[in-house]
Structure formats: structure tokens, C-alpha cells
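Each ligand, and each atom within it, is numbered from 1 in the order the structure gives.
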Amino acid sequence: MTGRGGQRTAVGGTMRAVVTRRPGSAAGLEVREVPVPVPASDEVLVRVHATSVTRGDVVLRKMPGLVIRAFGERPKKVLGHDFAGVVVAVGDEALGFAPGSRVMGTTSGTAHGAHAELLAVPAEGMIVEIPGEASFAEAAPVPVGAMTALHLLSEAGVGKGQRVLVNGASGSVGSYAVQIAKARGARVTAVCSGRNADLVRGLGAEEVVDYTTADVTALGRRFDIVLDAVGTLRKRAARALLADGGAYATTRSRRDETLAELMEVRDLLASGALHAVVDRVYDLEDVPAAHARVEGGHKRGNVLVRVRAEDEVGLA
Ligand SMILES: NC(=O)c1ccc[n+]([C@@H]2O[C@H](COP(=O)([O-])OP(=O)(O)OC[C@H]3O[C@@H](n4cnc5c(N)ncnc54)[C@H](OP(=O)(O)O)[C@@H]3O)[C@@H](O)[C@H]2O)c1
């Protein structure tokens, strides 16, 4: 294992991590000292500066271990997908990263979670360099939500001049979807509550429909793509909104992430076409409260978790 300066490094000791003491409720999560993960020879060890709590983390927290295994995954003691941080050690066969590299990615499919001070991920897994001057706080909440939005819009064939309706445009996937559709030259109609209208206009939506006062399915207009980014607009109901040959996409569908998608969202971040909307910032100790916020279903964009000091994360 190679550390900063090229010296051989022994990995060990303990770190703070949010562990699942009791599966189920957010109150069953607590910060504990646990052993630092020992990276395999093809893995890198990352010091996490910032992470996020996603809806997926909440789902996994509540899911019985048997069900997680039925999906081909291992239940994790430490949850958390998105991460941004610095590589501190590199396995002997891990290529592409050096100690000191600023990185972002997801822990999907790995044994370790991101709600911790350190994590080990395969160097050929879901990890890329953070572009340019982007801070850890700007990078951390991007991967999972933006890849989901990118995947769904790409599958639906988003392109120039198309009319795209994004339902749940003020959430994580929705806020990224508005920006990506706009970057692809589409014309976006955003569905959210009135209090978030200015937010989604600022992200690039041309028109806003307030779902608390209007029936979205009765708009009397047709779209090339209807993206249900929050899981409340079923395919049957969306038919009334689809143009001939139009495509429907929903976050309710299951999928696997790809490195190509992570690279594409990294490039969108680098170009300035995409940025993370941050709802609230929590300390690692307050992850149970962050879970409760996400579970409430009304966050704006993303819930960020600060693992290092504010100035190191890019929040100061
Ligand atoms: N986030 C991810 O990284 C990710 C990745 C893969 C899949 N998913 C799945 O995608 C879905 C959405 O996740 P998310 O994190 O993007 O959602 P989210 O951020 O929790 O969505 C919350 C937002 O949705 C709006 N909203 C709530 N009910 C609505 C409705 N009936 N119509 C329109 N807008 C509504 C809320 O606005 P108001 O407060 O104004 O109501 C709020 O801003 C979840 O099912 C999740 O499991 C998420």
C-alpha cells in the first residue's frame, strides 16, 4: 500500500462512522469508533470530506437484510453512497489514482459506506477525479442523483428542442434532470410546489406547474418526454401528457450505475452546466436527523453531510 510521498503505508486504527445499531428507524443509527477499512490490492482508501443522505440510503436503512441479499447485495453496517474526498493510500495493483487525488464517486456494490471518515473503493469502480476547482461540498451530492437523472433522460432520448416535463423537479433527481435536459437543448416544464418555483426556474425550467394547486395530468398539453423524478406520476396517468412516440421514464425503475455515467456527470459539473442544490448541511453526528429530513419527502435538492471541517469541505 502506497501513501503520500510514495512511502509504503500501513493502514490501521479506528475512525468515526455512522453504524446501524438497530435496522429500521433513524434513531437506530449512531456514530461509533470502528476499524478503518483495509483496502484490497485493487482498491484505494479515501478520506471522506463530504457525503450525502439519499432516498436510497433511507430505503436501505429500512430494508431487512434478507431482502437486500435477494437483490444480490450485502447489508452494510455503514450506509451512505455519494462521497467526495482525498485518496490517502493506494493498493499495490490499484491504477489511475495517487495519494492526494481529489475524488468523487459512489460506494454502490462495495462493502463500505460513505457515512464514515474513510472508505475503500475499487480503483476501477465508481470513482473519478473531482473536476477543477469544484469543492468537496459541490461534488459530494452529485453522483447518485445526477447519474439517475442522466440515465433516465438518455434512455428517453432527450435532445434539442424537445418538450420535457419533469415531475418532482425540486428534488435531487428532479433538480439534476432539469439542468441536464436544459443542457441538452430541451425545453423544460417543471412540476413542483409553488414555494420551489423560483428554484427550478433558476435551474433552467421555462414553465412551472404547481402540483398543489393544479392537476398535472389535466394540463391539456403534450410532451416528448415525461420524467417522473419523484415516483408519484404513474405511467398510466402520464399517458395524457405524452405526445405520439413520446417516452415515459421513472425513478421507480431499478438500474445499475456505470462509470461512463459518472464520467459524464463529472464533465457536466466541470462545464458549469450542472450544480448541486443543497437543502441542508449536517455533521456526521447528525446523520439520524438528516435521514429524518430526507424521509419527510420535501427536501430541496440534496442533503449534504460534512465529515471534515467547514473550510476543508468548501463551505466556509
Ligand atoms: N436521490 C437519489 O440519488 C436517487 C437515486 C436513485 C433513485 N432515486 C429515487 O428517486 C425518487 C426521488 O428521489 P429524490 O431524492 O430525487 O427525491 P426528493 O429529493 O426526496 O424529492 C423531494 C422533492 O419532491 C417534491 N415533491 C414531493 N411530492 C411531490 C409530488 N407529488 N409532485 C411533485 N413534486 C413533489 C418536493 O417538493 P415540495 O416540498 O414542494 O412538495 C421535494 O422538493 C425516490 O423514489 C428515490 O428512491 C433517488
Please report which non-hydrogen protein atom sits nearest to [atom], along with the residue it belongs to and the distance in Å to one decimal place.
{"atom": "atom 28 (N) of ligand 1", "answer": "Tyr211 OH, 3.5 Å"}
{"atom": "atom 6 (C) of ligand 1", "answer": "Thr148 OG1, 3.3 Å"}
{"atom": "atom 40 (O) of ligand 1", "answer": "Ser193 OG, 2.3 Å"}
{"atom": "atom 34 (N) of ligand 1", "answer": "Gly168 CA, 3.4 Å"}
{"atom": "atom 46 (C) of ligand 1", "answer": "Arg55 CB, 3.5 Å"}
{"atom": "atom 9 (C) of ligand 1", "answer": "Thr251 CB, 3.8 Å"}
{"atom": "atom 38 (P) of ligand 1", "answer": "His298 ND1, 3.4 Å"}
{"atom": "atom 19 (O) of ligand 1", "answer": "Lys299 NZ, 2.7 Å"}

Quick one: does Gly231 get within less than 4.0 Å of ligand 1, heavy atoms only?
no
May I ask whether Ser52 places a heavy atom under 4.0 Å from ligand 1?
no
When you check the gap from the basic side-chain N to the acidic O, do [X] and [Y] get nearer than 4.0 Å?
{"X": "Arg252", "Y": "Asp228", "answer": "no"}
{"X": "Glu30", "Y": "Arg32", "answer": "yes"}
{"X": "Arg266", "Y": "Glu129", "answer": "no"}

Geometric N/O contact Arg195 with ligand 1, under 3.5 angstrom
yes
May I ask you to check if ligand 1 and Gly145 share an N or O to N or O distance below 3.5 Å?
yes
For [X], take its heavy atoms, then give the atoms of ligand 1 lying under 4.0 Å from any of them.
{"X": "Thr232", "result": "30 (C), 31 (N), 32 (N)"}
{"X": "Gly301", "result": "19 (O)"}
{"X": "Val173", "result": "1 (N), 2 (C), 4 (C), 16 (O), 48 (C)"}
{"X": "Ser170", "result": "25 (C), 36 (C), 37 (O), 42 (C), 43 (O)"}
{"X": "Val230", "result": "12 (C), 21 (O), 24 (O)"}
{"X": "Asn196", "result": "37 (O), 38 (P), 40 (O), 43 (O)"}
{"X": "Asn167", "result": "32 (N), 33 (C)"}

Side chains of [X] and [Y], donor plus acceptor under 3.5 Å:
{"X": "Glu312", "Y": "His49", "result": "no"}
{"X": "Ser108", "Y": "Thr106", "result": "yes"}
{"X": "Ser172", "Y": "Asn302", "result": "yes"}
{"X": "Thr232", "Y": "Asn167", "result": "yes"}

Among Arg61, His115, Lys62, find the one that has a side chain to side chain donor-acceptor pair (under 3.5 Å) with His291.
Arg61
Between Arg300 and Asn196, what is the shortest heavy-atom contact and its length?
NH1-OD1, 2.5 Å
Is a donor on one side and an acceptor on the other found under 3.5 Å between the side chain of Arg306 and the backbone of Arg308?
yes
Output yes when a side-chain donor or acceptor of Ser271 lies under 3.5 Å from a complementary backbone atom of Ala273, and no otherwise.
yes
What do we get for Ala169 next to ligand 1 when only non-hydrogen atoms under 4.0 Å count, side chain, backbone, both or neither?
neither
NE2 on His81 to NZ on Lys76, rounded to 0.5 Å
5.5 Å
